[in-house]
K.L.:
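Dropping a structure here in structure tokens format, bear with me for questions.
One is the number of the first residue; the rest follow in order along the sequence. Just the heavy atoms: all of them, side chains too, but no hydrogens, waters or symmetry mates, feed the values below. These numbers were taken from a predicted model, which means no experiment stands behind them.
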Amino acid sequence: AEGGAATLQKAGIEARLFSGDRDVTTACADLIRPWVHSLSCWRPWVTAKLAMTLDGVTATTTGESKWITGPAARARGHDLRQRTGAIMVGVETVLADNPSLDARPQGRKPAPGFKVILDSALRTPPSAKLFSAQGSTVVIGHENAGETQARSLEAAGADVVLLPGSDGRPDLQDALRYLKEKKVLDLMIEGGGTLLGAAFDAGVVDEVWAFVAPMVMGGGRRAVGGTGPDALSDAMQLASITTEQLGPDLLIRGLAKRSA
């Protein structure tokens, strides 16, 4: 309303206005939520993306994770990547899976990605697939990381940022603050469990996208690590929950109650 559709159309962007359509209104609110959040918050809107079994396992004890979810769930994951400003993973995910971290939506032109690697000691290989995928890459390491590794990653095409932190790891909140300064309004953390656990422990997760496969692993690597709360009442609760059936898998989406 308020002339927004006309403004978009004048700029050559296809736009249609549906009066009184609650589903469209809800979808529009969902799309602009990160932007609204950015107006008053020091960090991007953070979404935790999980792909796990019913018992919360994301890989076997040997690290095998391809594929826990099926083709329909993975295609939906690429749709969600397409609408996300940046994707963050930890270096262990890069070393274990060598992901390209780009969006490959079906039937649509992929958007250039912004890939963020949290890598304390700059162990990301310069030959990693993510450097050959479209889009830019930033590797965030600890301030004591070696200059030789930094130069190698810069030669591969990465921007390398070194930040202070404890236990030899860059501070996650400082990393998020840096990304906001780089105009990243929304960030999807895809893993692994150590990084996701740190994000939940720090209280910076605003939304959860959980792809759940109908299997029970037992043992294995947990989807979310960290220390967690001492009391059940302090666990993060979700609101505004939606579910999607994707082949045999289920996608559960929800907002942290403080963000709902």
K.L.:
Can a donor-acceptor pair be found, under 3.5 Å and without considering hydrogens, that links the side chain of Gln245 to the backbone of Gly247?
P.N.:
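Yes: the side chain of Gln245 pairs with the backbone of Gly247.
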
K.L.:
Would you please name every residue forming a side-chain hydrogen bond (donor to acceptor under 3.5 Å, both in side chains) with Ser233, sequence neighbours left out?
P.N.:
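Here no residue qualifies.
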
K.L.:
Donor-acceptor pair, distance only, cut-off 3.5 Å: does the side chain of Thr137 make one with the backbone of Ala158?
P.N.:
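Side chain of Thr137 to backbone of Ala158: no pair is present.
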
K.L.:
As an exercise, state the distance from CZ of Arg169 to CG of Leu195, rounded to the nearest 0.5 Å.
P.N.:
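Nearest 0.5 Å value for the CZ-CG distance: 10.0 Å.
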
K.L.:
Determine whether Val36 and Trp45 make a side-chain contact, defined as any pair of heavy atoms from C-beta on separated by less than 4.5 Å.
P.N.:
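No, too far: nothing below the 4.5 Å cut-off.
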
K.L.:
Would you say that Val208 contacts Ile252 through its side chain, given a criterion of any heavy-atom pair below 4.5 Å between the two side chains?
P.N.:
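Answer no - side chains too far apart.
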
K.L.:
Does anything in residues 181-200 form a side-chain hydrogen bond (donor to acceptor under 3.5 Å, both in side chains)? List the pairs, not counting sequence neighbours.
P.N.:
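Matches after skipping sequence neighbours: Arg81-Glu190.
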
K.L.:
With respect to Leu50, which candidate in Val212, Leu196, Thr58, Ile189 satisfies the side chain to side chain contact (heavy atoms under 4.5 Å, CB included) definition?
P.N.:
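So, applying the side chain to side chain contact (heavy atoms under 4.5 Å, CB included) to Leu50 and each of Val212, Leu196, Thr58, Ile189, only Leu196 qualifies.
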
K.L.:
Side-chain contact test, heavy atoms from C-beta onward, threshold under 4.5 Å: evaluate it for Phe131 versus Leu153 and give yes or no.
P.N.:
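Yes, their side chains come closer than 4.5 Å.
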
K.L.:
Working to the nearest 0.5 angstrom, can you tell me the gap between Lys115 NZ and Ile87 CD1?
P.N.:
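Here the rounded value is 9.0 Å.
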
K.L.:
Determine whether more than 12 heavy atoms belonging to other residues, nucleotides or ligands lie under 6.0 Å from atom CG of Asp234.
P.N.:
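Yes, enclosed.
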
K.L.:
Does some side-chain heavy atom of Pro170 sit less than 4.5 Å from a side-chain heavy atom of Ser120?
P.N.:
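Yes - at least one pair of side-chain heavy atoms lies under 4.5 Å apart.
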
K.L.:
With a 4.5 Å cut-off on side-chain heavy atoms, are Asp97 and Val89 touching?
P.N.:
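No - every pair of side-chain heavy atoms lies 4.5 Å or more apart.
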
K.L.:
If you round to the nearest 0.5 Å, how far is OG1 of Thr93 from CD1 of Ile117?
P.N.:
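Answer for the CD1-OG1 pair, Ile117 versus Thr93, is 8.5 Å.
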
K.L.:
Can you find a pair of side-chain heavy atoms, one from Leu251 and one from Leu80, that are under 4.5 Å apart?
P.N.:
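Yes, at least one pair of side-chain atoms sits under 4.5 Å.
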
K.L.:
Asp55: which residues meet the side-chain hydrogen bond (donor to acceptor under 3.5 Å, both in side chains) condition with it, sequence neighbours left out?
P.N.:
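For Asp55, the residues satisfying side-chain hydrogen bond (donor to acceptor under 3.5 Å, both in side chains) (neighbours in sequence not counted) are Thr53.
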
K.L.:
To the nearest 0.5 Å, what is the distance between CE (Met217) and CG (Leu54)?
P.N.:
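The CG atom of Leu54 is 10.5 Å from CE of Met217, to the nearest 0.5 Å.
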
K.L.:
As a test of understanding, state which of Arg33, Lys257, Arg43 forms a salt bridge (charged side-chain N to carboxylate O under 4.0 Å, His left out) with Asp206.
P.N.:
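Answer after filtering Arg33, Lys257, Arg43: Arg43.
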
K.L.:
Listed by chain and number, what are the side-chain hydrogen bond (donor to acceptor under 3.5 Å, both in side chains) partners of Glu244, not counting sequence neighbours?
P.N.:
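Here the qualifying residues are Arg76.
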
K.L.:
For Thr69, check side-chain hydrogen bond (donor to acceptor under 3.5 Å, both in side chains) against everything at least two apart and list the hits.
P.N.:
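Expected list: none.
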
K.L.:
Which pairs count as side-chain hydrogen bond (donor to acceptor under 3.5 Å, both in side chains) when at least one residue sits in residues 142-162, sequence neighbours excluded?
P.N.:
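Those involving residues 142-162 do not exist here.
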
K.L.:
Side-chain contact test, heavy atoms from C-beta onward, threshold under 4.5 Å: evaluate it for Glu92 versus Arg123 and give yes or no.
P.N.:
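Sidechains of Arg123 and Glu92: in contact.
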
K.L.:
When you compare the side chain of Leu176 with that of Trp42, does any pair of heavy atoms fall below 4.5 Å?
P.N.:
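Yes, their side chains come closer than 4.5 Å.
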
K.L.:
Is it true that a side-chain atom of Asp119 and a backbone atom of Thr124 form a donor plus acceptor pair closer than 3.5 Å?
P.N.:
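It does hold such a pair.
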
K.L.:
Quick check against the 3.5 Å criterion: does Lys49 have a side-chain atom that pairs as donor or acceptor with the backbone of Phe211?
P.N.:
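The answer is no, because no donor-acceptor pair under 3.5 Å joins these two groups.
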
